[in-house]
Amino acid sequence: DRAFPIKNEAGALVRIAGMAEDITERKQAEAVLREAERRWRSLLDNVQLIVVGLDHRGSVNYVNSFFLSLTRYSEQDVLGKNWVENFLPLSCQQEVKTVFAEVLAHNFHPYYQNFILTKSGEERLIAWNNTLLQDLDGNIIGTISIGEDITERHKIEQIKNEFIGIVSHELRTPLTAIQLSLGLLKTGIYDKKPDKFKRMLEIALIDTNRLVNLVNDILDLERLESGQAVLEKTRCQAADLMQQAVDGVQPLAIPQQLTLTINPTDAQVWAAADAIIQTLTNLLSNAIKFSPAHSTITLSAECQTDFVLFQVSDQGRGIPPDKLDAIFGRFQQVDASDARQKGGTGLGLAICRSIIERHGGQIWAQSTLGTGSTFFFTLPLPPEEVL
Amino acid sequence: MKVPQILVVDDEEFLRELVQACLEDLGGWETLAAGSGAECLQLVQKERFDAIVLDVSMPGMDGYEVYERLQSNPMTRSIPVILLTAKVLPSDRARFAQMGVAGVIAKPIEPTTLTEEIAELLGWNE
């Protein structure tokens, strides 16, 4: 309608007149806007963070792709639904309702953590960053929240705190004995009682050694589990590893007159020799600690299809069935006082498990109460021998 | 005046021995020792104690349970209990605060401080 005909008296068309407008700038501005929109959209769709928009009544008016993939909901499942009532566990609904009201009223709680529910009912812990949304006139229209899924991090922190609690206790116990025994000596009350004096020194020394072992084991385990410990694997003769471990623990078997028997194999394994000797030494020392006098401990190995199976068997008191898995955890002795009486740190089997798992092997135990226990682990064959 | 008798309960053999040494040789008190919660509950039936120094982390029956059982028995309810414990996290402290024990002493501790604190908590200072 910006072009119009010009006609002569007879009404015949003689020319067409028109007006032209240069819209280059407008088109460019539209393109810039579209590009900006595309970038924001792309950011929201690809970012590995949850983005949830709520209107002022708490109904969902936006969720991004990451939220949908994390929770397995579809957009239709979510949009228009009340956020708190539909996607939060019952236990925190009331609290989050209050928080939402306070965000709207006072822009409180810029940071907040709560659990959300996935479609399958799983709870995920989310750390939120909440922003209040206002229209051009300053009216509050809702909130937009960006959230990070911290479920795994939270679990690791819980485990770490628990570990620190146990370590603190395990370190304080020998420290208490050392401080009390040396403190008693310092008062001078035993200066003329040589037996008492010697006993105090003896206790201090035993618990100093216990502390040294504990600190070493904690560091060993941390290096293994953090991946800092480098396990240089080479082709090793299984029989050599077994013999070296048995030679190392032989003196421990003498007081109880235990017999250590080796059933070797000519198989080779792909392993870090020192770490495997440490594993065998730990298992053999445990067997020695829990063996009755004059009994036999057997270390054997046999080649299976694609791994070598090692076994350490004793005729000791055995392990209750419900403890067979737990003993490979940290500070999980069958009897908590075992660490003190038997001189262990409570970390030996956790170290063994870590070493074997870093070799791609498995470790487990079988036991009959009153008859004895057998610890098994597997190690891979050298690479070219795997069929 | 009769010398006070204290029961020392700890599953750690060395700690029992050392705490007894502190209480006897520094504090001048008499002591008996129990290596478990169960042993403690048996001993309080047979002997009269003026105080119990109780470890918290023990296998089987822990110090919390021992204390509850002592409290639920009219014969033993009035014996002052001092917890001597390596549990020092804020969550542990909160639980101790609710228990109504005579006192809590954290491990590790100097022998003289240990005996002084016990005397103080029990009002045995001259």
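The chains referred to below are lettered A, B, ... by the order of the sequence lines, with proteins before strands, and numbering in each begins at 1.
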With a 4.5 angstrom heavy-atom cut-off, which part of A:T187 approaches chain B: side chain, backbone, both or neither?
-> side chain

Below 4.0 angstrom, N of the basic side chain to O of the carboxylate: do B:K87 and A:E170 qualify?
-> no

Might you confirm whether atom CD of B:E120 has over 12 heavy atoms from other residues, nucleotides or ligands at distances under 6.0 Å?
-> no

Select all residues of residues 199-207 of chain A having any heavy atom within less than 4.5 Å of some heavy atom of chain B, and report them by number, or 'none'.
-> A:R199, A:M200, A:I203, A:I206, A:D207

How far does OG1 of A:T176 sit from CG of B:D10, to the nearest 0.5 angstrom?
-> 9.0 Å

Is it the backbone or the side chain of A:K186 that comes under 4.5 Å from a heavy atom of chain B, or both, or neither?
-> neither

Is it the case that more than 12 heavy atoms not belonging to A:K192 sit under 6.0 Å from its NZ atom?
-> no

Which atom names give the shortest non-hydrogen contact between A:S168 and B:A86, and what distance separates them?
-> OG-O, 4.3 Å

Nearest heavy-atom pair of B:P111 and A:Q179: which atoms, and what distance?
-> CD-O, 3.9 Å

For atom CG of B:N73, decide whether the heavy atoms of other residues, nucleotides or ligands shown that lie under 6.0 angstrom number more than 12.
-> yes

Against chain A, residues from residues 19-27 of chain B with at least one heavy atom under 4.5 Å, in numeric order, are B:V19, B:A21, B:C22, B:D25, B:L26

Residue B:T113 versus chain A: region with a heavy atom under 4.5 Å | neither

To the nearest 0.5 Å, atom CG of A:L171 lies from atom NZ of B:K107 at 13.5 Å

Between A:I189, A:N161, A:L184, which has the largest tally of heavy atom pairs under 4.5 Å with chain B?
-> A:L184

Where does B:L18 contact chain A at under 4.5 Å (heavy atoms): side chain, backbone, both or neither?
-> both

